[in-house]
Amino acid sequence: MTSPNLRNAYGESLVRLGKKDWRVTALEADLGKSTQSVMFQAEFPERYFQMGIAEQDMMSTAAGMALAGMIPFVHSFAVFATGRAYDQLRNSICVPNLPVRICGSSAGLSDFGDGKTHQSVEDVALMRAVPNMTVVCPADSIEMEKMMACMLDRPGPVYIRVNRNDLPFVTPPDEPYKIGKVTKIREGGDVAVFATGIMVSKALGAAAALEKEGISTRVINVSTIKPLDREAVIRYAAGVDAIVTAEEHSLIGGLGSAVMEALRRVSHAPVEFIGIPDQFGVSAENYDGLMARYGLTAEAVAATARALLKGN
Amino acid sequence: MAKPDEIRRIERIACDLRANVVKMIGVGKVGHIGGSCSLGEIAAALYFSKMKFDPKDRTNKDRDRFLLSKGHTVPIQYAALIELGLIPREDIGGLKTLAGKLQGHPDMKTPGMEAVTGSLGQGLSIGVGMALALRCAKSPARVYVVMGDGELAEGQIWEAAMAAARYKLDSLTGIVDRNRFQATGSTKDIFDIPNLEDKWRAFGWNVLNVDGHNVSAVLDALDEASVTKGAPTVIVAETVKGKGISFAENTAAFHNASLTEAQYDQALAEIAQAKRKLQ
């Protein structure tokens, strides 16, 4: 039985990969419990490398391992993996296009208590902008497991955005998965909501509420943000009267930006973004409360869709 | 200890490498002459004597690795790869040009390059990762990482130094090209790092200090590094920036500079004369 917790699903998946392929290694910067790479440590101590609280060194060390034929998984909080070690990630890993997997855990606002220094609002923007990088963000732990199963063969670096918490199951368990896929998980003809990560479940909540008002909503799970399947985005954006993007990330440079880049030179319905305004996070007593503060709720998605349909 | 004729052979190759550097940078094109020439003997000793590296089998998983953390001085590495036949000699003029094959910093598309370096401070960490992976694979390969003395101001170097000692990476050898100059002046004036050997020692490394232009001493140090167990070794190599080109020696002015036609001719003449003395 799959745990609804993304971290656990990640850790268990990593162990499966380790069993399948001896080239899988894990690198950690004293956050092994938060990232659940401790599961890998218990199983494969000889391939688990505690690098201390030194993320920059860890990132380039992973590059060296990949250059010597391994498939390293680097772990840190999303904010440190993409920010603190950005130059190492860019130059050591992405320039030579190495198969390093960067697990950005506690992504978005999911580390609700620790506040702005530990919450990542701009990681997708950073990772999208760096050439050669693949950016994935699972909507639930079922998708997390399927994604991880693709990590042995995927060429080049991958950034995996991992939420810290339990997420509702929203993706169909039996549907085949591949990196790069943009999936329609709910049919609808009036509104299209492109969502990623936890916001997929919020979009489904919005769709259910809108249905009661006679508004039919299409929900699209964009779990691979880069490379974005432009054809699929254009196809799913067609024929509706309103388009909403929803992400637990800054309004600048994330999913909304990616969708609009895909829709250039294509006529489309009015678009609005749901995301975090151009500001850092804040400490909160719980995750739901923090999400609500930034308008990252099913209600907000529904309200935005209604407003767009009314021409506001 | 290496035999005199072996030492002489490496010394002559060092001259060839310096001549290649000068030809690569040519007339009127800005290039990192000083820090390339300070590595002449070290690059020659590694590529042409010490390292298990067969250019005909350059992807062999058990090959020794050469990483130039001070990636801006990649002309000296290109110079060696030209002599090894991995880079065609006719590519020498293509350094830092759109049509050419030789990038301004190490690039994986160049045959024989082992990593992307040049954003300073990252090479030792990459070397740590390689050494750890090679240990997992039970490979006997050794990893050599050449760092600049100015580069040692990067904090990541010391993170990597701690990691290498923590994992007892005795297959890893660091080499500090201590030419005592960096981009804008002498290291003493710009950012002095006193007690360098003590620092490495305190970080858990076996530390050797050699004259980096004395091939015999360099080879002996490399041999000692390869038999030292339980800790990585760093060789602090005392060198002369711009070595072999009188007007470029011991000055930051030729850290990254162009040569006039007269300077170009003089540099090649001085290097040729040095080589003749070694016959």
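Per chain, numbering begins at 1; letters A, B, ... match sequence-line order.
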*Against chain A, label B:Arg65 side chain, backbone, both or neither, depending on which of its atoms sit under 4.5 Å from a heavy atom there.*
side chain
_I need the B:Cys136 SG to A:Phe44 CZ distance, nearest 0.5 Å._
12.0 Å
*Above 12 or not: heavy atoms from other molecules or residues under 6.0 Å from CZ of A:Arg230?*
yes
_Donor-acceptor side-chain pairing of A:Gln88 and B:Ser125 below 3.5 angstrom_ = no
*Side-chain donor/acceptor of A:Gln56 to backbone N/O of B:Gln156, under 3.5 Å*: no
*For atom CG of A:Asp278, decide whether the heavy atoms of other residues, nucleotides or ligands shown that lie under 6.0 angstrom number more than 12.*
no
*Return the minimal non-hydrogen interatomic distance between A:Tyr48 and B:Tyr167, and the atom names on each side.*
O-OH, 4.4 Å
_Return the CZ to OG distance between A:Arg90 and B:Ser119, rounded to the nearest 0.5 Å._
8.5 Å
*Count the heavy atoms of every other residue, nucleotide or ligand shown that sit under 6.0 Å from NZ of A:Lys116, and state whether that count exceeds 12.*
no
*Measure the CZ-CD distance between B:Arg166 and A:Gln50 for me, rounded to the nearest 0.5 Å.*
7.0 Å
*Does NZ in B:Lys101 sit with more than 12 non-hydrogen atoms of other residues, nucleotides or ligands closer than 6.0 Å?*
no
*asked:* For a quick test of reading the model, state the closest non-hydrogen atom pair linking A:Asn91 to B:Val116 and the distance between them.
replied: O-CG1, 3.3 Å
*B:Leu132, B:Leu67, B:Ile157, B:Asp107: which one forms the most heavy-atom pairs within less than 4.5 Å of chain A?*
B:Leu132
*Quick one: which of A:Ala68, A:Gly69, A:Pro72 has the most heavy-atom pairs under 4.5 Å with chain B, could you say?*
A:Ala68
*What part of A:Ala54 gets closer than 4.5 Å to chain B, counting heavy atoms only: side chain, backbone, both or neither?*
both
*At what distance, to the nearest 0.5 angstrom, does CE of A:Met59 lie from CD1 of B:Ile126?*
12.5 Å
*Side chain, backbone, both or neither: which part of B:Ala131 has an atom under 4.5 Å from a heavy atom of chain A?*
neither
*Could you check if a side-chain atom of B:Gln122 sits within less than 4.5 angstrom of a side-chain atom of A:Asp87, using non-hydrogen atoms only?*
yes
*Evaluate the side-chain proximity of A:Leu67 to B:Met130: yes if any heavy-atom separation is below 4.5 Å, no if none is.*
yes
